[in-house]
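One structure below.
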Amino acid sequence: MSSLVSLRDVRFSYGNRDVLHGVTLNVPRGKLVAIMGGSGCGKTTLMRLIGGQLRPRAGQLTVCGAEVPSLDREGLYDLRRRMSMLFQFGALFTDLSVFDNVAFPMREHTNMPEPIIRDLVLMKLHAVGLRGAENLLPSELSGGMARRVALARAIALDPELMMYDEPFAGLDPISLGVIGQLIRKLNDALGASSIVVTHDVQESLQIVDYVYFLSDGKVVAEGTPDEIRTSEDPWVHQFVWGEADGPVPFRYPAVPYEEALLGVQRA
Amino acid sequence: MFRLVGARTINTQWRLGVMARFFGLLLWHSGSSFRRLRLTLREIYFSGVLSLTIILISGLFVGMVLGLQGYETLQRYGSEEVLGTLVALSLVRELGPVLAGLLFASRAGSAVTAEIGLMKATEQLAAMDMMAVDPVARVVAPRFWGGVISMPILALLFSAMGVFGGYLVGVVMIGIDSGSFWSQMQASVDFRNDIVNGVIKSVVFGVAVSLVAVFEGFDTDGTAEGVSRATTRTVVTSSLAILGLDFILTSFMFRG
Ligand SMILES: Nc1ncnc2c1ncn2[C@@H]1O[C@H](COP(=O)(O)OP(=O)(O)OP(=O)(O)O)[C@@H](O)[C@H]1O
Ligand SMILES: [Mg+2]
């Protein structure tokens, strides 16, 4: 089984602030891997390391067979054309319309004629359920919509490696299910490999092949979804169970908040 | 106190070094911004065309004030007819490039800094970089060249409006002979010495303002305060740069 991404004992610090203390993980080709862990434990940092935006202090990091930290700029850009990243906050280009945002990578990296680009863009937007929003500007989108447009842009060029930084945050349960399935389908249809950073344990356990739990800059547990569900490991148990313990506040954050507000008003 | 001044000096030099490296990178990537001509044209529109109003109005008023003040002074020596020369030379050699540059820095330079700074704060530049599109080539270079191209045109328009303002005050309001106003002006404004030198100045100012603006934007730490500090710094730094460069250029151009 060959790994598309492999990290061996990767360490990283911002200045003198240690964030990752020796992370080892693998993303096999064609697989969908989830990385879970508390807020601030270094998940986004990990993706930036894989994308070559940050350099590890120590350890080995290979993507598609290339040692990422030792690549020069050109090598890095060649590699990045084969991967794609959905940023945690979307990072849409605010001066371009939804359509132009999704068309951006196609226009920059291919010589496809405009009619074909148009078809492809509409296809990608359709996949995330936003074909009707093509003429809006990012400032006219809701947070969840912006994230879905960013997803459409991220998959524009059918990358080999997809990295999603919290693709489910800010989505209603229906879009959440749809996007979850979409991520799975894209992975399988393109023969791509994917990394999903998420807090949504239940949704991701249904779609992923393997899970890594990150805490305090280390991998503290790993396994297939079945292993995770039945795990005796107290940490995993607490994380999975802790999230599942309050499915209502986690999956429908608006409801208890409203109730709380109404409760206050009534009192 | 001395230590503070010393630290400031070192810090400034260090920033200048960083800026010089950035300038090199920018020039290196500029080839692609000419291939992507549409982007540069767009920036000319944003920096240049949208600054037109303030440039034209300011030029008109500066010219009118020059007309009034110049007339006051010249009249004492009985040489009102050279008012046209006075107005035109002041504008083309000095006030056009310098004032248009200062206005350009606060109108367009600050906007460019804020825009790039916000793009950085919202990770747009990082996202672009992850898509293997170089932000210096795609975002920075077109804005830089848009400014460099707009600046001399704005300075010329400023001067032209100013001359018109001087004409309004001198000829229309005060009643100097229109023929002598224009002919004196034509006789004494030299194309190479005055106009070309003025254009050279405005090109230099355009490079300075645009470089400072894109650099400060690109160099922000990506927070709200960071962006606002960078915007202020753009206006302060590029204004000082304009005035300093103006002194240096003038001392080379118009000596003797
Ligand atoms: N640019 C930076 N400079 C210094 N420290 C940083 C920087 N970016 C992140 N950190 C720190 O590194 C740690 C890991 O950050 P990271 O963004 O990777 O967390 P995360 O796991 O993605 O969290 P979340 O789930 O909230 O997105 C955090 O404690 C954060 O404070
Ligand atoms: Mg994160």
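Reminder, nothing fancy here: chain letters follow the sequence lines and each chain counts from 1.
- Using a 4.5 Å cut-off between non-hydrogen atoms, the part of residues 85-92 of chain A that approaches chain B consists of A/M85, A/F87, A/F89, A/A91, A/L92.
- Taking a 6.0 Å sphere around OH of A/Y14, one finds it holds more than 12 heavy atoms contributed by other residues, nucleotides or ligands.
- The distance from the CG atom of A/D95 to the CE atom of B/M119 is 5.0 Å, given to the nearest 0.5 Å.
- Heavy atoms of other residues, nucleotides or ligands lying less than 6.0 angstrom from CZ of A/R131 number 12 at most.
- Note that CE of B/M130 and CE of A/M47 are 9.5 Å apart. Values are rounded to the nearest 0.5 Å.
- When every heavy atom of A/R80 is checked against every heavy atom of B/D129, the shortest pair comes out as NH1-O, 2.9 Å.
- Side chains of A/R73 and B/D134 form a contact here, defined as non-hydrogen atoms less than 4.5 Å apart.
- The 12-atom threshold is not exceeded at CZ of B/F164, counting heavy atoms of other residues, nucleotides or ligands nearer than 6.0 Å.
- Among the residues in residues 114-127 of chain A, none has a non-hydrogen atom closer than 4.5 angstrom to a non-hydrogen atom of chain B.
- Scanning residues 49-67 of chain A against chain B with a 4.5 Å non-hydrogen threshold yields A/G51, A/Q53, sorted by number.
- Residues A/P105 and B/M131 approach most closely at CG-SD, 4.1 Å, considering heavy atoms.
- The side-chain hydrogen bond (donor to acceptor under 3.5 Å, both in side chains) test applied to A/Y212 returns no partner, not counting sequence neighbours.
- Using a 4.5 Å heavy-atom threshold, the side chains of A/Y77 and B/V133 count as separate.
- Within the 4.5 angstrom heavy-atom criterion, no atom of A/S84 approaches chain B.
- Considering only heavy atoms from C-beta on, A/E108 comes within 4.5 Å of B/R138 through its side chain.
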